[in-house]
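Everything below concerns the one structure shown next.
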Protein chains: 2
Amino acid sequence: MASVRGGSRDKPPSIVDVAQHAGVSTATVSRALAAPEQVRPALRERVEMAVRDLGYRPNAAAQRLRGRRSRLILVVTLTRWSAPFFAEVLNGIDSELAANGYAMILGNLDLDRRQDGHLVDMMQSGRFDGVLALAGVANAANGHELKEPGLPLVSICSEIQGTPSVLTDEGESIVEAAEHLFGIGHRHFVYLSGPATNFSDRSRWDALKAYFEAKKDECRLDRIEGDFTPRSGAAAAERFLASLERPTAVLSSSDEMAIAFMKVAKHAGVHVPGDVSVCGFDGIDFADYCEPTLTTIRQPRFELGRTGAYRLLQIIAGHSEVDAGRTVLRNTLCLRDSTGRAPRHG
Amino acid sequence: MASVRGGSRDKPPSIVDVAQHAGVSTATVSRALAAPEQVRPALRERVEMAVRDLGYRPNAAAQRLRGRRSRLILVVTLTRWSAPFFAEVLNGIDSELAANGYAMILGNLDLDRRQDGHLVDMMQSGRFDGVLALAGVANAANGHELKEPGLPLVSICSEIQGTPSVLTDEGESIVEAAEHLFGIGHRHFVYLSGPATNFSDRSRWDALKAYFEAKKDECRLDRIEGDFTPRSGAAAAERFLASLERPTAVLSSSDEMAIAFMKVAKHAGVHVPGDVSVCGFDGIDFADYCEPTLTTIRQPRFELGRTGAYRLLQIIAGHSEVDAGRTVLRNTLCLRDSTGRAPRHG
DNA sequence: CTGTTAGCGCTTTCAC
DNA sequence: GTGAAAGCGCTAACAG
């Protein structure tokens with residue numbers, strides 16, 4: 001009787017079909033798949049054969065309905081994410097999730113359109129076992145909204161009150177960069193910021209301000225507002241060029257801004273690093289291909305993703321429930337050609 | 001009695017809770033949500049109020065089990081995807097899907113580890129309404145595997161026999177670039193390829209070969225094997241530098257390779273475009289920030305994603321079932337500083 | 001060890 | 001219009 005898989009393209013086989021095919025009950029099929037050691041080898045093999053013959057796959061929706069994990073993680077990102085940065089974070093997330101049989105849903109949050117409702121809907125649809133919030137999606141405004149649905153939640157590159165997060169030592173590392181530049185003679189700095197509401201930006205700016213506060217007699221720190229994009233880096237360069245007293249050192253909040261800044265500066269005849277030193281942030285691949293190559297603070301992007309996913313899975317598994325603290329990864333200062341000694345009279 | 005939402009953090013409210021709260025049957029709740037016009041306004045309002053009060057969201061798993069669409073699309077990508085290129089394709093996909101209430105799962109296919117099984121498992125788990133296969137995941141080897149599960153399938157930037165696909169006019173556009181370079185005096189070309197099994201690479205190479213076949217008396221076309229990555233672009237540059245007769249025009253299969261090529265060439269004292277003209281492919285943002293700015297063939301990345309998602313949704317909706325053909329989008333040749341007249345004696 | 005059975009939460013006939 | 005009830009496919013008691 002053993003009918004082979006082929007033929008009917010209509011409906012996928014269910015556990016009942018397998019049970020009949022193997023001449024056992026559905027419970028045995030279920031067990032043979034989920035807990036093989038509880039089933040006598042003879043039966044187990046018959047089940048396995050039936051499964052192969054029919055090309056059976058458990059229906060995930062039914063499993064989920066019956067109380068099982070969905071093995072789906074919602075990853076919330078912003079519509080306008082920095083591809084070079086987040087793509088690698090996503091890779092890290094995916095790597096850890098896949099290794100544990102999980103998959104990720106990408107939920108792009110369009111802040112412009114404020115359709116947060118859609119997001120909360122998704123979170124409450126019972127589809128996911130947990131949520132990973134990438135930098136920028138969580139701000140003061142919606143932090144509680146994300147927590148509300150009661151799903152396990154970990155944020156990466158930002159922090160939501162009372163929620164575990166994975167961060168880097170942004171403050172320390174940008175101060176390290178400033179210190180290096182100070183050491184080679186720079187006294188007039190400008191910080192190209194990200195959006196003021198951004199968690200990372202605040203951490204960096206606060207650290208920088210504190211550092212220069214102690215040096216306020218000998219140093220000057222300006223700030224030009226940006227939003228991480230090349231476009232805003234170019235705009236910052238225009239303002240830089242127009243300023244009466246030009247800073248000699250630029251600390252940019254993203255590599256993309258820094259690279260655009262350099263392009264515009266060079267076109268205007270300003271030499272990097274001869275006239276102005278530029279330091280980026282993130283350590284994207286292209287920082288090593290621009291002209292001049294960009295000194296930058298490299299963030300462990302893959303690790304950020306991997307660690308965030310790891311922590312989330314721990315929480316889902318029931319370990320470390322209470323652990324709502326931060327995990328802080330270390331950045332690396334990469335010195336390249338875009339920074340050098342300050343010009344004579346800065 | 002009307003208990004307010006708060007309090008119990010234990011279990012989300014079900015349709016039964018809503019029905020009780022509103023004093024109606026579950027059927028009415030279901031209808032009030034899915035087909036409001038079938039329910040008398042008075043009842044409808046009571047239901048809506050109960051929904052709000054309890055913070056009710058339909059359980060997606062149960063809906064799916066009962067036969068509804070899951071509104072989930074599986075997007076299959078390669079582990080090693082080119083971030084600058086695909087991130088924008090993903091944006092296009094997400095944009096179209098979100099507009100129609102769909103979400104996307106990112107399924108990274110790790111070709112190195114050949115865990116295609118995992119992928120097929122997912123496709124057969126009944127979780128998804130359709131599949132989008134991005135460039136490279138579909139090759140001769142696994143094309144049929146992807147079709148097998150019988151899910152609606154559209155491939156983007158590659159083609160699977162008998163499956164709808166969204167492509168660009170890669171062949172025509174790279175020939176257009178070649179023609180332009182020919183027009184400004186170049187006679188010795190080299191093509192920096194992608195992986196030989198890659199669909200795009202084949203299209204481009206075949207078109208290029210055909211074009212130069214007709215010019216074989218006056219032109220020479222070499223080929224250096226790469227894989228789209230900067231790394232392989234740098235390696236290609238080494239081979240270029242080592243060659244006895246250096247080509248004067250480079251047609252690269254990706255911008256990333258082209259940019260890395262230029263970097264290595266410049267370091268070796270070869271001037272771009274003075275000694276060699278370089279043309280990239282894709283039109284990533286950085287092509288406009290490198291030194292010199294890169295002439296390239298811009299692919300409509302966002303549109304590729306948007307169109308692929310659109311076609312998939314059409315199929316899922318039951319329209320255009322038979323339509324297994326290709327949709328071909330047009331590329332644009334962007335002339336910038338990395339190309340110029342051929343040097344005197346090429 | 002294995003089979004029987006009762007739902008998980010929802011939609012959808014089928015009666016009323 | 002609305003309600004009662006039958007499952008969708010699966011798993012987890014509970015018996016045997």
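Quick caveat, the model's predicted, so the values are computed rather than measured. Lettering of chains follows the sequences in order, A, B, ..., and the numbering in each one begins at 1. For the numbers below, each heavy atom of this structure counts, side chains included, while hydrogens, waters and symmetry mates do not.
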Check: How does each nucleotide of nucleotides 8-16 of chain D score, in 5' to 3' order, for protein heavy atoms under 4.0 Å: base (B), sugar-phosphate only (S), or none (-)?
Finding: BBBBBB---
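Atom CD in A:Gln124 sits about 13 Å away from atom P in C:dC10, given to the nearest Å. For the pair A:Arg46 CZ and C:dT2 C1', the computed distance is 11 Å after rounding to whole Å. Summarising the geometry, the separation between CD on B:Gln38 and C1' on C:dT11 is reported as 12 Å, rounded to the nearest angstrom.
Between the CD1 atom in A:Ile15 and the OG atom in A:Ser30 there is a gap of 5.0 Å [rounded to 0.5 Å].
The closest donor-acceptor contact from the side chain of B:Arg31 to the backbone of B:Val39 lies at 3.5 Å or more, if one exists at all. No side-chain donor-acceptor contact under 3.5 Å links A:Thr28 to the backbone of A:Val24. Checking side-chain atoms of A:Ser95 against main-chain N and O of A:Asn91 turns up no donor-acceptor pair under 3.5 Å.
Between B:Leu72 and B:Tyr102, the shortest heavy-atom distance links the atoms N-CD2, 3.9 Å.
In this structure, B:Ser25 does not reach the D:dA4 phosphate: none of its side-chain N or O atoms is under 4.0 Å from OP1 or OP2.
With respect to the salt-bridge test (charged N to carboxylate O, under 4.0 angstrom), the residues B:Asp129 and B:Arg64 qualify.
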